[in-house]
Amino acid sequence: KRITSDRFMSDEGKRAKLAEEATKALAGFKGFGVKIGEIEDHLRQLSTRLFTVVRPKRDETIQFLREQEIRGHYVDMTQPERDAVFLHAAEHDGDETLLALLDAPVGQMVSEDVKTRALEARAKRVFPEDYKIYEQNKLLLDVLNMIRESVAKWLRWLAVTRETIIETLKLDPN
């Protein structure tokens, strides 16, 4: 307010002074982008743990044959029927059935929406504490990204260079 109300400074001088002050203020957000990156890494690790079905440790050929036999029971079913089988297997810890339907040679045999819902429900049931942490971190990441975007827009409005904002806040250049 002191800068904008200075009657002795030209409009160009006011803009330059505001940009200079905003660039100084940007230094206070230096670790912000790094912290967001850390949370994103933690979410990736959690999501791998929560939403990946672990293949049993046994001979690969035997495992392949078991999965092939499981898939054989569901090949002639309609998509909704296979989706129902997948949901049932997720609810009852049928990991081999989940793997067989997800890792078929022709591609996964369940719809993407059902896969997401089933694996999410399974994660809530099997890893309740980790799932709570996952959900909290997703919300935290959303809030931090909104704050980061707001700060970036504010600084851009104050004429801080785009490159400086992207570098400091670790924004996607696109």
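Small disclaimer: the values here were computed from a predicted structure and weren't measured. All residue numbers refer to positions in the sequence shown, counting from 1.
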Quick one, [X] and [Y] - any side-chain contact, counting heavy atoms below 4.5 Å?
X: Ser47; Y: Thr52; value: no
X: Val143; Y: Leu139; value: no
X: Leu119; Y: Val53; value: yes
X: Gln68; Y: Pro105; value: no
X: Tyr131; Y: Val126; value: no

So, does [X] use its side chain to make a donor-acceptor pair with the main chain of [Y] at under 3.5 Å?
X: Asp83; Y: Ser111; result: yes
X: Gln45; Y: Glu40; result: no
X: His42; Y: Glu38; result: no

>> Applying side chain to side chain donor-acceptor pair (under 3.5 Å) to Gln79 and Arg82, what does each step give before you reach the verdict?
In response: CA-CA 5 Å; Gln79 187 65 51; Arg82 285 194 302 260; 3.0 Å; yes

>> Suppose we screen for side-chain contact (heavy atoms from CB on, under 4.5 Å). Which residues come up paired with Thr164, at least two apart in sequence or across chains?
In response: Leu26, Val160, Thr161, Thr168

>> Which residues pass the side-chain contact (heavy atoms from CB on, under 4.5 Å) test with Lys138, not counting sequence neighbours?
In response: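 If we apply the side-chain contact (heavy atoms from CB on, under 4.5 Å) test to Lys138, skipping adjacent residues, the hits are Leu43, Tyr134.
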
>> Looking at every non-hydrogen atom in both residues, tell me the closest pair between Ala90 and Leu98 and how far apart they are.
In response: N-CD2, 3.7 Å

> Listed by chain and number, what are the side-chain hydrogen bond (donor to acceptor under 3.5 Å, both in side chains) partners of Arg148, not counting sequence neighbours?
Replying inline: Asn145

>> Can you list everything that forms a side-chain hydrogen bond (donor to acceptor under 3.5 Å, both in side chains) with Glu91? Sequence neighbours excluded, please.
In response: none

Shared hydrophobic cluster, [X] / [Y] (ILVMFWY, side-chain heavy atoms < 4.5 Å):
X: Val75; Y: Leu101; answer: yes
X: Phe29; Y: Met146; answer: yes
X: Phe64; Y: Leu99; answer: no

> Hey, which of Arg71, Arg55, Arg58 is the one that makes salt bridge (Lys or Arg N to Asp or Glu O under 4.0 Å) with Glu96?
Replying inline: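 The single option meeting the salt bridge (Lys or Arg N to Asp or Glu O under 4.0 Å) with Glu96 is Arg58.
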
>> Strictly by salt bridge (charged side-chain N to carboxylate O under 4.0 Å, His left out), give each pair with a member in residues 112-122 just once, sequence neighbours left out.
In response: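 Counting only pairs at least two positions apart or across chains, the salt bridge (charged side-chain N to carboxylate O under 4.0 Å, His left out) contacts touching residues 112-122 are Asp95-Arg122, Glu112-Lys115, Asp113-Arg117.
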
[atom1]/[X] to [atom2]/[Y] distance, rounded to the nearest 0.5 angstrom?
X: Thr97; Y: Ile70; atom1: OG1; atom2: CD1; value: 4.5 Å
X: Asp142; Y: Ile147; atom1: CG; atom2: CD1; value: 11.0 Å
X: Glu149; Y: Leu171; atom1: CD; atom2: CG; value: 5.5 Å

>> Heavy-atom count check: over 12 atoms from other residues, nucleotides or ligands less than 6.0 Å from Glu69 CD?
In response: no

> Just wondering, are more than 12 heavy atoms of other shown residues or ligands nearer than 6.0 Å to CD in Glu167?
Replying inline: no

> Are a donor atom and an acceptor atom from the side chains of Gln63 and Arg66 found within less than 3.5 Å of each other?
Replying inline: no

>> Please list all pairs meeting side chain to side chain donor-acceptor pair (under 3.5 Å) that have one or both residues in residues 150-160, counting only residues at least two apart or in different chains.
In response: none

